Structure formats: structure tokens, C-alpha cells
Amino acid sequence: MKIVSWNINSLRLRLPLLERFVKESNPHIICLQETKVVDEDFPLLAAKALGYDFIEFVGEKSYNGVAILSKIPLKKKNVIDVLDYGHKRHISVAFDTKIGEVELHNFYIPAGGDIADVALNLKFDHKLKFIDWMSQYFLSLAQKKKNIIILGDFNIAPKEHDVWSHKQLLKTVSHTPIEVEKLNKMQESLDFIDTHRMFVDDSQKLYSWWSYRAADPLGANKGRRLDHIWATPSLKDCVKEAKVYKDFRAATQPSDHVPIETYFDFLEREAF
DNA sequence: ATGGTTGCTTGGCAA
């Protein structure tokens with residue numbers, strides 16, 4: 001079962017690219033961030049036409065917005081307004097597998113603005129508080145034995161080789177020590193496994209985002225790994241493969257993020 | 001500390 005995370009940066013504008021992606025990968029579940037569409041205008045019919053009968057979403061005008069498209073039935077949809085900012089940055093669902101129920105949380109963590117100083121930049125303050133909230137949320141889950149996947153645009157590249165230059169980006173929001181430390185603490189809350197790093201050693205560069213602003217970020221391969229798919233240790237044996245669809249950054253009218261995907265082997269064979 | 005580009009929306013914000 002393939003599960004995808006993609007910051008699509010406007011779902012309606014990117015529908016043709018989403019269609020191309022579905023033709024290439026045909027995943028069971030696609031989690032989107034930055035849909036940038038209010039619920040009344042969500043392109044439900046277009047999404048269903050791609051083969052996704054079970055769709056959950058929450059959006060707002062111009063900014064943020066998250067969605068989950070699925071080929072298998074979803075239950076327990078939940079939307080959390082993290083810290084009551086009114087931003088649509090979280091949606092979760094659950095689904096059944098042969099190893100039991102899996103809870104899936106799709107997050108769009110705040111980017112945090114440009115200045116890595118909470119006194120000068122409220123957006124950075126929001127980002128740090130958002131991650132603290134996530135740590136606390138997962139730490140305080142009543143049922144610790146749940147199977148949980150959390151994924152999304154975390155807007156943090158935590159490891160040295162998750163950015164093109166560790167030294168040059170230490171003061172750049174997305175790679176500063178304070179946010180990396182907080183993300184690591186959040187990861188420790190439920191011992192989440194970074195599924196892509198199961199297959200790509202920490203010594204190897206791995207990115208999921210390339211700036212729009214830089215001259216030729218893809219050619220120079222100056223990227224960052226801002227998107228992540230994490231799973232609780234209970235799911236580790238199910239993780240068989242992880243991919244980054246780098247080619248989608250070179251598409252016509254691309255998102256600045258590309259789809260990332262993890263293959264979990266926990267579907268009933270008969271189901272497909 | 002800026003600048004650079006993109007998307008939504010049509011001036012300016014967010015990324």
C-alpha cells in the first residue's frame with residue numbers, strides 16, 4: 001500500500017500534475033498540503049475521477065488547507081485547529097489493515113517566516129509552538145499502542161544531509177538548531193521512524209523541495225528535505241520502500257515540493 | 001538584511 005505526501009501549492013492549479021502523478025504511481029492514499037481552496041470549491045469530482053472514492057479535506061481561502069484522497073475506506077476523520085490559530089493545517093483519518101487499524105495524521109507545519117528569532121518574528125514563534133504542541137499531543141495519547149503514521153510538509157530539514165549545505169543553512173529557518181531539536185523531540189514522543197531514512201543513509205543527500213526563488217535550484221541540486229513520512233515502531237516491519245518523485249520538480253508549472261511516497265505492506269491481498 | 005519566484009488575488013501576504 002503506497003502512501004504519498006505532497007505539498008501541492010494550490011490543488012486546483014495543479015490538478016493536471018496530480019493526474020500525471022496518479023498515472024505514474026497510482027498510490028492508495030495521497031495526503032496533500034497547501035490545497036489553497038475553501039471547502040465549497042474543493043474539486044471533489046476531479047479527485048474522484050482520478051480513482052479516489054474516499055476523500056477528506058479542510059481548507060481556507062488563499063492559504064494552507066490539507067486533504068486526504070484514498071482508494072480504501074476512511075473513518076474517524078478529525079480536524080484539529082492546532083493552538084487555535086484558525087489555520088487549516090491538520091487532518092487525520094483511520095483505516096483498517098491486516099495488522100489492525102492505522103491512524104494517519106496529515107500536517108502542514110508553519111513555514112515560520114524568514115527570521116529565526118521569536119522576538120522579531122511571530123511566525124517563527126508560531127512554528128516552534130506548533131511543534132511543541134505536536135510533541136505534547138503524541139506524548140499524551142491515551143492509547144500508546146496505536147499504529148500511527150504522521151506525515152506532511154514539516155517545513156524542517158532535520159539532518160545534515162537533508163540540506164544542500166549544512167553550514168550555510170544553520171541560520172536559515174527550516175534548518176536552525178532550535179527547530180531541529182524540537183522536531184527530534186517530537187519524533188521521540190512515540191519513537192517515530194523516519195521511513196525515507198530507512199533506505200537512504202544519513203550520509204547521503206536527500207531533498208523533497210527546491211526553491212522557486214533560486215536561479216536553477218534543481219540543476220545545482222540545492223534542495224532541502226522538508227517533507228516527511230514517519231511511522232510508529234509497530235509499523236516498521238511493514239515498510240518496504242520509500243521514494244521521492246524528484247522529476248515532478250522539473251514539470252511545467254511545478255509545485256516547489258515533490259511527492260514523497262512510502263510503501264507499507266499491510267493490505268489484505270484479497271482486497272486488491 | 002536583502003533578493004529572488006510563485007500563488008492567490010488584484011495590493012500585499014505567505015512561502
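In this text the structure is predicted, and so the values were computed from the model without any measurement.
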| field | Interatomic distance at C1', B:dT6 relative to B:dT10, whole Å | value | 15 Å
| A:Phe154 CZ to B:dA15 C1': how many Å, rounded? | 18 Å
| remark: Residue pairs passing the salt bridge (Lys or Arg N to Asp or Glu O under 4.0 Å) test with at least one member in residues 111-127 of chain A, sequence neighbours excluded, are A:Asp125-A:Lys129, A:Lys127-A:Glu179
| said: Against A:Phe154, only a single residue in A:His175, A:His228, A:His105 fulfils ring pair (Phe, Tyr, Trp, His ring centres under 6.0 Å); can you say which? | reply: A:His228
| task | Find the distance A:His257:NE2 to B:dT5:C1' and express it as a whole number of Å. | result | 14 Å
| message | If you compare every side-chain N and O of A:Arg89 against the phosphate oxygens of B:dA15 (OP1, OP2), does one of them come in below 4.0 Å? | response | yes
| said: Can you tell me which residue among A:Lys236, A:Lys159, A:Arg225 is in a salt bridge (charged side-chain N to carboxylate O under 4.0 Å, His left out) with A:Asp194? | reply: A:Arg225
| task | Identify whether any heavy atom of A:Ile115 sits under 4.0 Å from a base atom; if not, whether one sits that close to sugar-phosphate; answer base, sugar-phosphate or nothing. | result | nothing
| Quick one: do A:Lys88 and A:Asp39 make a salt bridge, cutoff under 4.0 Å? | no
| Whole-Å distance between B:dG7 P and A:Leu15 CG? | 14 Å
| Spacing between A:Lys61 atom NZ and B:dC13 atom P, to the nearest angstrom | 15 Å
| said: Check this one for me: any side-chain N or O of A:Lys123 less than 4.0 Å away from OP1 or OP2 of B:dA14? | reply: yes
| query | Is the closest side-chain heavy-atom distance between A:Glu34 and A:Ser255 below 4.5 Å? | reply | no
| field | Closest to the A:Ser62 side chain, choosing from B:dC8, B:dA15, B:dC13 | value | B:dC8
| note | A:Asn121 atom CG is separated from B:dA1 atom C1', nearest whole Å, by 13 Å
| For B:dC8, does OP1 or OP2 lie under 4.0 Å from any side-chain N or O of A:Arg12? | no
| query | When the P atoms of B:dA1 and B:dG12 are considered, how many whole Å apart are they? | reply | 24 Å
| message | Rounded to whole Å, please give me the gap between CG in A:Leu13 and C1' in B:dT6. | response | 10 Å
| query | Hey, can you pull the residues of residues 205-221 of chain A with a non-hydrogen atom under 4.0 angstrom from DNA chain B? | reply | A:Tyr212, A:Arg213
| request: Whole angstrom is fine here: how far is it from CD in A:Glu179 over to P in B:dA15? | output: 13 Å
| task | Without swapping roles, check the side chain of A:Asn106 against the backbone of A:Ile91 for a donor-acceptor pair under 3.5 Å. | result | no
| message | Both A:Gly112 and A:Pro254 contact DNA chain B. Which one's nearest nucleotide lies toward the 5' end? | response | A:Pro254
| field | NZ/NE/NH1/NH2 to OD/OE distance under 4.0 Å, A:Glu181 and A:Lys185 | value | no
| said: Measure NZ/A:Lys171 against P/B:dT2 and give the value in whole Å, please. | reply: 16 Å
